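First comes the structure, then the notes that go with it.
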Amino acid sequence: MASVLNTVSSIRLSKLNASRVRTQSNLAPISVSFTRRRLTVRAAETDTNEAVEPQVPDKAPAKNGSSFNQLLGIKGASQETNKWKIRLQLTKPVTWPPLVWGVVCGAAASGNFHWTFEDVAKSIVCMCMSGPFLTGYTQTLNDWYDREIDAINEPYRPIPSGAISENEVITQIWVLLLGGLSCAGILDVWAGHKFPILFYLALGGSFLSYIYSAPPLKLKQNGWIGNFALGASYISLPWWAGQALFGTLTPDIIVLTLLYSIAGLGIAIVNDFKSVEGDRAMGLQSLPVAFGSETAKWICVGAIDITQLSIAGYLLGAGKPYYALALVALIAPQVFFQFKYFLKDPVKYDVKYQASAQPFLVLGLLVTALAMSH
């Protein structure tokens, strides 16, 4: 194989098929052309037009894709043809737990939850409303309006790959939305509310989800507004629902949870790193696109950590030092995993980071809720 030393000092190409490269006595300058799916290297103005095409992998799911990941709706999923499994994948069950936990925090903060059959049953219905129904609606809607971006970033996903039809997706969106609103109405009647606060919370959250994903507003086009809206949806809204179901939603709780949603903004940024290519192509100003990945990493961890430290300071000032200390203790492992995983490579380690660090964040939410109930 001939060695090439001309205008380019060194070019490394891995896994080339050596049989396709022919020895030449004279080589002209090398031209390199990049396309989205393939790297082609060829000698210019020579007696050969034969191209050397390295094996660059297409954007496809892992060869040994996991059925479990498919059901959770996370990357590394196996390809599936069963429509019900595809429908479940679109709702991303892995995103339900924070909403379910938010209901738990709101119920705890109310100070009126009791371990009776009725209260447990109410909380389960509220969790179903917040998780499978309205979060499922949000995720399916988001995938629908992101189908062009996913065709660039993850073309194997159910909608861009054609594994599920347009009518089936739209039907799923409506069924989940109406199911969530129905649960909210039932809970208002069950709780004896004169004003249907849960229904309006569900309606407001659903509208927020729509304008987050859909044009013309499409809040996710702006990294700051979109991510804060997402953070509020995951932290504030389920908390408000849980507290309104069992007690009274007070202004101080509204302010506190909205502040906590800044940490949710940071969590939302984590998911933006894997979509940089598609976001840039579609003109979406996610923070990694607007500021670059390096700066966006620090904005992300800063939003998460500073918010929680501020809440700990608030609890200390409110005469609840033990709760403040417990919250600080839960922040420490989050910082550890940020340096171990996220700050090293936010794309490669995003799942590991979230699985390792976020349990401590949601426990901190419960600590804050218990502090507010006393």
Side-chain angles (χ1 to χ4, degrees), residues 94-111 113 123 126-127 130-131 135 227-243 246-247 249-250 252-271 297-343 346 349-374:
V94 73
T95 63
W96 301 351
L99 282 293
V100 170
W101 191 255
V103 173
V104 172
C105 292
S110 73
F113 176 83
S123 64
C126 193
M127 290 173 186
S130 300
T135 307
N227 285 334
F228 182 77
L230 194 62
S233 298
Y234 272 76
I235 292 178
S236 298
L237 285 172
W239 183 315
W240 296 351
Q243 184 149 356
F246 294 103
L249 188 56
T250 57
D252 58 331
I253 288 293
I254 292 175
V255 172
L256 182 69
T257 52
L258 285 175
L259 289 175
Y260 229 128
S261 296
I262 298 174
L265 178 151
I267 296 170
I269 297 172
V270 175
N271 296 314
K297 287 191 299 187
W298 290 99
I299 294 174
C300 175
V301 298
I304 293 171
D305 299 341
I306 293 172
T307 298
Q308 293 179 91
L309 288 171
S310 300
I311 298 296
Y314 168 79
L315 295 178
L316 184 63
K320 301 174 182 181
Y322 295 111
Y323 289 104
L325 184 61
L327 187 55
V328 170
L330 290 168
I331 297 169
Q334 294 177 60
V335 174
F336 171 77
F337 288 118
Q338 286 163 2
F339 279 95
K340 183 176 181 180
Y341 294 127
F342 182 73
L343 292 173
Y349 296 118
D350 65 331
V351 174
K352 280 187 176 180
Y353 165 66
Q354 293 187 77
S356 303
Q358 285 192 19
F360 295 99
L361 185 144
V362 297
L363 283 174
L365 278 169
L366 183 59
V367 167
T368 304
L370 292 171
M372 298 307 295
S373 70
H374 293 83

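All heavy atoms count here, side chains included; hydrogens, waters and symmetry mates do not. The structure presented is a predicted model; accordingly, all values stated were derived computationally and were not measured.
- Scanning all heavy atoms of the two residues, the minimum distance from G242 to C126 falls at N-SG, 4.4 Å.
- Distance check: I331 CD1 to L309 CG gives 4.0 Å after rounding to the nearest 0.5 Å.
- With a 4.5 Å cut-off on side-chain heavy atoms, V104 and S123 do not count as touching.
- Contact annotation: the side chain of F228 approaches that of I262 to within less than 4.5 Å [non-hydrogen atoms, C-beta and beyond].
- In this structure, the side chain of S261 does not engage the main chain of I235 through any donor-acceptor pair within 3.5 Å.
- Note that the CD1 atom of I311 and the CG atom of L316 stand 13.0 Å from one another [nearest 0.5 Å].
- With sequence neighbours excluded, the residues that form a side chain to side chain contact (heavy atoms under 4.5 Å, CB included) with L343 are K297, W298, V301, F339.
- Between V335 and Q338, the closest side-chain pair of non-hydrogen atoms falls below 4.5 Å.
- Counting heavy atoms from C-beta outward, I267 and L361 have side chains that approach closer than 4.5 Å.
- Between W239 and C105, the shortest heavy-atom distance links the atoms CE3-CB, 3.9 Å.
- With rounding to the nearest 0.5 Å, the separation of OG1 in T95 from CG in L230 is 9.5 Å.
- Atom CG of residue L365 and atom OH of residue Y260 lie 4.5 Å apart, to the nearest 0.5 angstrom.
- Here the shortest heavy-atom pairing between F360 and L330 reads CB-O, 3.4 Å.
- Taking the centre of each ring, Y349 and Y341 come in below the 6.0 Å mark.
- Contact detail for Y353 and Q334: the closest heavy-atom pair is CE1-O, 4.4 Å.
- Not a single ring-ring contact (aromatic ring centres under 6.0 Å, His included) links F337 to another residue, sequence neighbours left out.
- To the nearest 0.5 Å, atoms OG1 (T250) and CD (Q243) are separated by 5.5 Å.
- The heavy-atom pair separating A263 from I304 by the smallest distance is O-CG1, 3.7 Å.
- Of all heavy-atom pairs between W101 and V362, the closest is NE1-O, 2.5 Å.
- Using a 4.5 Å heavy-atom threshold, the side chains of N271 and Q354 count as touching.
- Atom CG of L327 is separated from atom CG of L366 by 11.0 Å, given to the nearest 0.5 angstrom.
- More than 12 heavy atoms of other residues, nucleotides or ligands sit less than 6.0 Å from atom CD1 of I254.
- When the side chain to side chain contact (heavy atoms under 4.5 Å, CB included) test is applied to L99, the partners found at least two apart in sequence or on another chain are S130, T135, Y234, P238.
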